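Order of the sequence lines sets the chain letters (A, B, ...), proteins ahead of strands, with each chain counted from 1. Model, not experiment: these values are computed from the prediction.
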Protein chains: 2
Amino acid sequence: MSDVARLAGVSIKTVSRVVNDEPAVHPKTAERVLAAIEQLGFRRNLGARNLRRGSTGTIGLIVEDVGNPFYSELNRAVERIATAHDRHVLTGSCGEDTERERELVYEFSSRRVDGMLVVPAGDRHGYLLPEMRAGTPMVFVDRPPGDIVADTVLVDNFGGTVQAVRHLARHGHRRIAFLGDRPDVFTATERLRGFREGCLQAGLRYDERLAVLRTPTLESVTDVVNRLLRGPKRATAVIAGNNRVAVHLLRALAHVTPRPAVVGFDDFELADLLNVTVIAHDVGRLGEAAAELLFGRIHGDDSAPRKVVLPVHLAPRGSGEVAP
Amino acid sequence: MSDVARLAGVSIKTVSRVVNDEPAVHPKTAERVLAAIEQLGFRRNLGARNLRRGSTGTIGLIVEDVGNPFYSELNRAVERIATAHDRHVLTGSCGEDTERERELVYEFSSRRVDGMLVVPAGDRHGYLLPEMRAGTPMVFVDRPPGDIVADTVLVDNFGGTVQAVRHLARHGHRRIAFLGDRPDVFTATERLRGFREGCLQAGLRYDERLAVLRTPTLESVTDVVNRLLRGPKRATAVIAGNNRVAVHLLRALAHVTPRPAVVGFDDFELADLLNVTVIAHDVGRLGEAAAELLFGRIHGDDSAPRKVVLPVHLAPRGSGEVAP
DNA sequence: ATGAAAGCGCTAACAG
DNA sequence: CTGTTAGCGCTTTCAT
């Protein structure tokens with residue numbers, strides 16, 4: 001910047017004024033400065049600016065995996081809102097690893113992001129209190145934080161799964177299996193709760209052997225399929241606890257007959273062509289709602305922590321409407 | 001930091017030493033400093049540090065859309081390599097908008113990212129030369145830059161499409177349609193080139209009315225399907241120029257009989273279950289190769305610009321193996 | 001309309 | 001093993 005000032009024959013402060021579109025600078029001078037900037041290929045150092053100003057113009061987004069379509073859609077929505085607020089997004093994947101989540105939070109905190117959106121892993125988040133008190137707003141997305149109260153945007157996990165069970169029961173199923181993510185993932189246990197409640201409401205005996213929570217991989221899901229969805233005492237329907245489970249389940253079921261009825265939680269691309277009935281919700285809205293809430297906080301809203309629960313709806317596409 | 005120093009009764013420099021794990025600090029002193037840090041909830045300001053040191057510990061990634069599964073997988077791979085090099089990733093979507101791409105480049109440049117990975121839009125990238133000369137390494141991913149020579153990592157678009165045509169011809173198809181992205185997208189024209197060459201090699205007359213390049217939306221693709229893939233003079237096979245085209249094509253074809261043979265370029269999730277034959281390549285490797293190349297540059301490798309072309313392979317799954 | 005000086009929070013370079 | 005000084009590149013404050 002001092003180079004530009006020298007070349008334009010003005011003070012460094014004038015260059016700063018031009019770069020920041022501040023008024024009260026003579027057009028002729030501005031022109032000279034602009035020319036010098038162009039000639040030198042000057043680009044102002046935002047790091048230095050932020051050091052002086054405080055805000056960095058960035059927000060952090062911590063998810064399980066930016067490559068998972070669910071989170072990438074969330075990422076896109078957050079980016080959209082951030083751009084509208086003239087901010088940039090620093091992303092990080094923690095892969096359900098609470099230690100990695102912590103590292104990312106501290107890292108982003110050190111980078112002085114203006115706020116953070118977190119899909120929390122695990123159930124202990126007391127460590128975030130100091131960061132929040134220090135003035136970094138945090139909004140939790142898709143899952144609530146473990147042991148603190150803070151802004152959270154969720155979808156109706158419980159209600160959605162109750163609905164799924166009811167739907168299957170209405171089509172005549174009495175033995176329904178539930179296959180969810182690890183039990184330390186909030187949405188998994190919440191949907192399992194919905195599953196039990198759904199069984200209860202439908203007058204089905206809840207059989208805990210039919211409910212399995214574990215990390216979804218093709219192997220683990222195939223294993224469960226072989227145990228619960230084949231043979232004479234098999235379940236005739238199955239609920240996939242999230243989009244990962246659903247994808248693996250479809251592969252595992254490819255050559256299984258008779259094919260059980262399937263309802264998935266979370267919509268996913270091409271589910272329509274595969275005729276997969278799902279409990280759908282709008283991931284874009286989830287991200288937007290959370291980001292807007294965060295920017296509200298960044299802009300000074302200090303009302304009580306809010307909890308937003310977005311609706312879900314059942315999208316019948318065939319797989320959930322077959323008889324036992 | 002000065003607060004910590006005061007509380008611990010040491011100089012600010014000692015705190016800096018502790019925070020940076022520099023040797024030559026008495027364990028007892030370090031302990032006192034650590035305690036003070038804990039008590040104050042101190043988190044060092046990386047912005048200030050970077051101002052002094054030069055490197056910011058970030059790289060920029062500019063793609064068309066972080067929500068597109070293709071790019072999110074790329075994003076994940078880049079993040080993996082960045083993490084291994086102890087860096088963080090700043091992402092931005094430009095949606096094929098050259099102006100937005102420029103803004104993002106300038107923005108990231110102002111933020112002094114240590115390097116940038118760019119999936120370039122359009123065909124004019126001379127504006128990047130000053131940035132590159134100023135010392136920001138750039139690596140182009142999936143497409144080459146327009147009018148400059150620089151590190152680029154691509155997949156074999158041409159060869160892959162030649163292979164697709166050959167495959168369809170071998171199964172008896174003589175009228176093959178090609179449906180690609182906008183003509184200003186490098187991969188689209190490159191794959192179109194492969195399509196022509198493939199027709200030539202297979203002894204088919206290249207009929208330009210069967211090759212359509214435009215923004216893939218369900219509407220545009222449906223329109224083309226109705227024009228080219230129905231009626232007595234219809235094409236009996238179609239090549240989808242990328243994953244977006246393929247997805248829309250599958251929907252558009254859902255109720256079309258007789259169903260044409262389909263080969264897609266780019267693999268995508270669930271393509272296997274939908275029996276879609278594709279020209280597959282490893283997006284993860286694409287991202288990793290590009291990121292590794294970038295970090296090579298960041299670490300001082302100033303050899304001649306490299307061009308890496310990753311292989312593709314045909315994955316036959318049914319849709320490409322049907323007779324006319 | 002412009003500029004000089006101070007300082008944001010940190011680290012490099014040099015003492016001690 | 002520890003501290004002092006200067007300065008990274010910018011903006012703020014106050015003069016002119």
Inset, instruction - Could you tell me whether B:V10 contacts a base, only the sugar-phosphate backbone, or nothing, with contacts defined as non-hydrogen atoms closer than 4.0 Å? - result: sugar-phosphate
[N] [atom2] sits how many Å from [X] [atom1], rounded?
| X | N | atom1 | atom2 | result |
| --- | --- | --- | --- | --- |
| B:N50 | C:dG9 | CG | C1' | 11 Å |
| B:K13 | C:dG9 | NZ | P | 18 Å |
| B:E22 | C:dA12 | CD | C1' | 10 Å |
| A:R112 | C:dG9 | CZ | P | 9 Å |
| A:R111 | C:dG9 | CZ | C1' | 15 Å |
| A:I12 | D:dG7 | CD1 | P | 14 Å |
| A:R6 | D:dG9 | CZ | C1' | 14 Å |

Inset, instruction - Verify the contact: side-chain N or O of B:S16 to OP1 or OP2 of C:dC10, cut-off strictly under 4.0 Å; return yes or no. - result: no
Inset, instruction - Determine: side-chain N/O of A:S11 to OP1/OP2 of C:dT2, distance under 4.0 Å, yes or no. - result: no
Would you mind checking if [Y] and [X] are paired as a salt bridge, meaning a charged N to carboxylate O distance below 4.0 Å?
| X | Y | value |
| --- | --- | --- |
| A:E79 | A:R76 | yes |
| A:R143 | A:E96 | yes |
| B:R87 | B:D114 | yes |

Inset, instruction - Name the closest nucleotide to the A:R52 side chain, picking from D:dG3, C:dC8, C:dT2. - result: C:dC8
Inset, instruction - Establish, for the pair A:R43 and B:Y106, whether the NZ or CZ atom is under 6.0 angstrom from the six-membered ring centre and no further than 45 degrees off its axis. - result: yes
Legend entry - Cationic tip of A:R102 above A:Y127 ring, under 6.0 Å, 45° of axis: yes
Inset, instruction - Spell out yes or no: do the side chain of B:R17 and the base of D:dG3 have one donor N/O and one acceptor N/O closer than 3.5 Å? - result: yes
Legend entry - Contact nearer the 5' end of DNA chain D, comparing A:N20 with B:R53: B:R53
Inset, instruction - Carefully, step by step, assess B:R244 and B:D181 under the rule salt bridge (charged side-chain N to carboxylate O under 4.0 Å, His left out). - result: CA-CA 9 Å; B:R244 292 300 87 192; B:D181 207 324; over 6 Å; no
Inset, instruction - Give a yes-or-no answer on whether the side chains of A:H26 and A:E31 include a donor-acceptor pair shorter than 3.5 Å. - result: no
Legend entry - Residues touching DNA chain D, which here means a heavy atom under 4.0 Å, drawn from residues 24-49 of chain A: A:F42, A:R44, A:N45, A:A48, A:R49
